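These notes concern the structure reproduced below.
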Amino acid sequence: MALQRLTKIVVGVPNVEQTADYYEDFGLTPAGTPGDARRLATVDGGEQLVLTTSARRRLLELHIGADDRDDIDRIASNLAALDLPAQRTADSVTAYDPGTEVTVTAAVAPRLVQPDIAPPAYNGPGHLGRVNNRAPGVERTGRVRPRRLGHVVLGSTDQEQSQRFLTEGFGFKVSDTVPGLAAFLRCSTDHHNVLVQQAPLAFLHHSSWQVEDVDEVGRGATAMLEKDPSRHVWGLGRHHVGSNFFWYLRDPAGNFSEYYSDLDCIVDDALWKPQTWSGMKGLYNWGPPPPPSFLAPDDLAALMTGAHSA
Ligand SMILES: [Fe+2]
C-alpha cells in the first residue's frame with residue numbers, strides 16, 4: 001500500500017525540562033510515563049514528540065507510519081539496493097542517514113483519521129457567508145491545541161544523499177525543489193513532511209504542527225508571545241511553496257516550532273506538478289520579511305563548534 005504520515009519525532013536537547021515546558025505552552029499535552037524523556041501528544045496524533053537529553057540540539061529519530069508489511073519489505077529491499085545498512089523487525093525497518101544524522105524508522109501503523117473540521121464561514125464582497133454573528137475566530141477562548149505533527153525541516157551536510165535516502169530508500173515523493181539547496185518531500189497527502197536543505201552541519205531547523213485555521217495560528221502565537229516575547233521568530237505570513245499560513249517561534253533549546261494551517265494537499269500524484277523555486281518568492285508569498293536568524297539560526301556557529309564533541 002503506502003506510507004501514510006509522520007508518526008513521531010525524537011528531539012535531543014541539552015535542557016529537556018525547560019524545552020518540554022515550552023511545548024506544553026505551545027499546546028501539546030504531557031503523555032506517557034515520566035522517565036528520562038518527556039513525551040508530548042497532539043489532539044489527533046497522540047504521542048508525537050519525545051524530548052530526550054543530548055549535548056547539542058538535534059533531531060535524533062524520525063518515525064513514519066506505513067500501511068502493511070509489504071511497505072516494510074519494499075523499503076528494506078530499496079535500502080539494500082542503495083547499499084545502506086538497515087535493521088529489520090517483522091513490522092519495521094530502521095536506517096541512519098549520515099547527512100542529517102537522523103535515524104529513520106518506518107513501521108506498520110494504523111491510519112490517522114482526523115475529524116472533519118470545516119473552515120469557518122467568511123464574509124466577502126457580495127458574499128455573506130456569516131450573518132448576524134461575530135467571527136468564530138474572535139469568540140474563541142480555549143487554548144490552541146495542535147491537531148497533529150506536520151513536518152520537519154532538516155539541515156544536511158549532504159542534501160543529495162539525504163534526499164536519495166528518503167526518496168529512493170523510504171519512498172518519499174518530491175513535491176517541489178529548490179535546485180542545489182532543498183527538496184520538499186512527502187510521505188502523506190501533505191505537501192511536505194520533510195524538507196532537507198543543504199547546511200554546514202546536521203541540525204533541526206523546525207518542527208511544524210497543524211492547527212485548525214489561520215485564527216488558531218494567530219491565537220496560538222499570540223498566547224506564546226504574551227508569556228515570553230523573545231520566543232518570536234517569524235510570522236504571521238503565508239508560504240508560497242505549500243501555501244500554508246505560518247508563525248514560527250523559538251524553543252529554549254534553539255529549535256523553531258511552527259503553527260500552520262491550510263497546507264496544500266496532494267491526493268492524486270498525477271495531478272500535482274512539482275516546480276523548482278529560487279529566492280524569497282518560494283519562501284513566502286506575504287508577511288513580514290524573514291529575519292536573518294530564520295535563514296541561519298543564531299546558534300549555528302556554536303553548534304558547529306560543539307558538533308566535534310557532541
Ligand atoms: Fe515549515
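Order of listing sets the numbers, starting from 1, for every ligand and every atom in it. Model, not experiment: these values are computed from the prediction.
- Between F26 and Y23, the angle of the ring planes goes over 60°, which puts this pair in the perpendicular group of the 30/60° scheme.
- Checking H192, H240, Q275, H191 one by one against D176, the side-chain hydrogen bond (donor to acceptor under 3.5 Å, both in side chains) holds for a single residue, H191.
- Closest N/O/S atom of E258 to the Fe ion (ligand 1): OE1.
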Distance-only donor-acceptor pairs under 3.5 Å for side chains of residues 101-108, two or more places apart:
{"from": "E101", "atom 1": "OE1", "to": "R56", "atom 2": "NH2", "distance (Å)": "2.7"}
{"from": "T105", "atom 1": "OG1", "to": "T94", "atom 2": "OG1", "distance (Å)": "2.8"}

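- Defined by atom type and a distance below 3.5 Å, a donor-acceptor pair is missing between the side-chain atoms of N133 and E139.
- Here H192 fails the criterion, with no N, O or S atom under 2.8 Å of the Fe ion (ligand 1).
- Checking H206 against the Fe ion (ligand 1), an N/O/S atom falls under the 2.8 Å cut-off.
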